[in-house]
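To start, the structure under review is shown below, and the notes come after it.
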Amino acid sequence: MTAKSNKRPRAGLFVTCLVDLFRPSVGIASARLIEAAGCEVVVPRNQTCCGQPAYNSGDKKNAKAIAQQTVKAFKGCDYIVVPSGSCAGMLKTHYPRLMQGDPNAEKEAIEFSARVHELVSFLVDVRGLKQVSGHFEGTVTYHDSCSGLRELGVKSQPRELLTSVKGLSLKEMSDCEICCGFGGAFSVKFPDISNAMVEKKTANIAAAEPDVLLAGDLGCLMNMAGKLRRQGRAIACRHVAEVLAGELDEAPIAAPVENG
Amino acid sequence: MQPTSHDFKSNARTALADHQLQQALSGLPTGLVAQRAAARDRLPEFEALRDYGRDIRNHCLDHLDLYLERYEAQVTAAGGHVHWAETAEDACTAILKICESAGAKMVTKGKSMVSEEIGLNAHLQAAGLEVVETDLGEYILQIRDETPSHIIAPAIHLVQDQVENDFRRQHQQLPKDRRLEEPAELVDEARQILRQKFLSADVGITGANFLIAETGSSIIVTNEGNGDLTQSLPKLHIVIAAIDKVVPTLNDASALLRLLARSATGQEFTSYTTFSTGPRRADDPDGPEAYHVILLDNGRSELLGSEFREVLRCIRCGACMNHCPVYNAVGGHAYGWVYPGPIGAALNPALIGVKEAGALANASTFCGRCESVCPMRIPLPKLMRRWREIEFENGDTPLLTRWALRGWASVALWPSAYHRLSSLMVRALRLGAGKRGAFTWLPLASGWTAGRDLPAPQGRTFQQLWAERQKAATKKTDATETP
């Protein structure tokens, strides 16, 4: 760290396990956007997953251990920024609940949760970003992921920034607020139901006739991209951060890649 | 009713493959869901009314004993009788006893989910009574020998053709060439058949949407008027209701009714809202000679003192299931017991055990749409998650899931190993996918890939990319700082 960076707030990027593993370019795009919003980005090495697989399966003990690891890893950050509504919701609303009955840990988790933000709402609501410098020729449609929408109130912020992207036109699909059927372990435990749900979703996406489908959660995107590809529909899928940051060198999600 | 909730997965598979069911369910988004949204938009204070309703129900639950005793006293003062039933069996026994002592042969019934919960029809029929459901949906289900798949629209899983076939099969006495193509024609026919039953019934049994402590009244809301005939024509009226239905005053009930109709069907008010208070008085033009109320506990007083207490705020509007994407995909029968959808997932484990119904609490993406529309603001996802925790604590989570979680957690709690392993894994997957960008089949993910492709990773982890970016930045800084 250099001395001059001390003036800028420190934003810890909680990259999420799916971005870390499947689509690191979303993490790079997120870092660029956070920097553009005047923050210094740090990426603690001691982060792994937010703990939802355990938490949503009823395994509170492991979920709590992972939560404590995450809280500790981000000590010293002014903000914790997450390119996923689902994981941000976990850190922000569920970590305090997990620590109930353990006063010190609970206090820490509540203090931590106040610093946690989903990426796009952080840019708009906390950092006051009104526009981005990105350029994108094409029509996009935006899927509102459930936790971001209903736990964190992420709705207008991505649309605000997207409309500032030159060349981009936003076309809403019907039922953009209905779950895509991903639900983390749900898609593995109940693949048939999950598949029926994503089928309705891709029908709505296709009816909007976009060039690109955007969302703020990689899990949902992988689900929808996988279905669109299986159906042979030529709609590219990207995380909203990629378009906002103009980070478009990598092939869209589930699309064939140039250099194998 | 023998629950099949533990078989939810296979029930769901059957439901997904049932084209008629899928056709029937496809009407939900443009029907009840759109109607509720329109009703909400027409009432500016709707959100405030939800808060008000939640507070009323919380108050009722805080003082349930007080209001139940008050209610009982008022029913008695009006000349009615209250019977307390701790279990389903107690309730069935009490009802049968009342019917038998009146020498009853035929019973008409209004729609009542509690009567489904206690298996009332089977109990009365086993004792030789004829039981006739008078709600159109329930009547259709009775002749099909099915149970409701929705708490306010019991036959929502059927399409019109099926009902026409059922009526032609069941009503052989009617002319074969009659028209049954319009819903109105089906309603007329059912009305014609049911009218005779209303007139010859000895006992009318209804549920209750609310019980009012202040007056000792019970309220039912219907759109067909069948409930009115059920409770006013026979000599005997029996109300079966769970103890959580009691509210303090008429005013409270009116506030809740405004929420109920809007949340359920998008109506400002249901077509019929009927109050009954005791038997017929000397100067009443009609009404039953005797009035009985069965107050059912069936596990609710235990819930009251538990962390699941909030589920008792439910006013049975059905909005949670109408808006649930899982319910929309599989319908109500897949849930395998009386209460389907999110409310069933939160309530059924308490009533029939978490071993039987725990699967329902797992069948949710936690999308939160149910909670966002619940007029009583019941935190349904939170309650479902709590059932999953109890299932896990009891050791009822499937072994494979437990092992997978244990393995995954031990790595997730060891970041350096996690980063090494994940970089190896994504590299291998990237190589396996080649230039295709996705897998059409992958071992251990065959459930996923049966219906969709699995996107391949880019090949390196973010942590790797970030470490390189930092290294390059440091080099650059060093280069500029060194003269």
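Values in this document were obtained by computation on a predicted structure and should not be read as measured data. Naming: A, B, ... by sequence-line order, numbering from 1 per chain.
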What part of [X] gets within 4.5 angstrom of chain A, counting heavy atoms only: side chain, backbone, both, or neither?
X: B:Arg469; value: side chain
X: B:Thr474; value: neither
X: B:Ser372; value: side chain
X: B:Ala417; value: neither
X: B:Glu391; value: neither
X: B:Leu16; value: side chain
X: B:Ala412; value: both

Proximity breakdown for [X] and chain B, heavy-atom pairs closer than 4.5 Å:
X: A:Val198; result: side chain
X: A:Met197; result: side chain
X: A:Ser145; result: neither

Is a side-chain donor-acceptor pair under 3.5 Å present for [Y] with [X]?
X: B:Arg452; Y: A:Ser194; result: yes
X: B:Asn11; Y: B:Thr4; result: yes
X: A:Gln47; Y: A:Thr70; result: no

At a heavy-atom distance under 4.5 Å, which candidate from [options] has the highest pair count against chain B?
options: A:Ile253, A:Val19, A:Ile28; answer: A:Ile28
options: A:Thr202, A:Asp192, A:Leu13, A:Val188; answer: A:Asp192
options: A:Ala196, A:Ala255, A:Cys49; answer: A:Ala255

Could B:Arg385 and B:Trp387 be counted as a cation-pi pair, given that NZ or CZ must be under 6.0 Å from the ring centre and within 45° of the axis? no
Relative to A:Phe190, does B:Lys9 satisfy both conditions: NZ or CZ under 6.0 angstrom from the six-membered ring centre, and within 45 degrees of the ring's axis? yes
Backbone N or O of B:Phe366 within a donor-acceptor pair of the B:Ser364 side chain at under 3.5 Å? yes
Max heavy-atom pair count under 4.5 Å with chain A, selected residue of B:Ala329, B:Ser416, B:Ala363, B:Ala12: B:Ala363
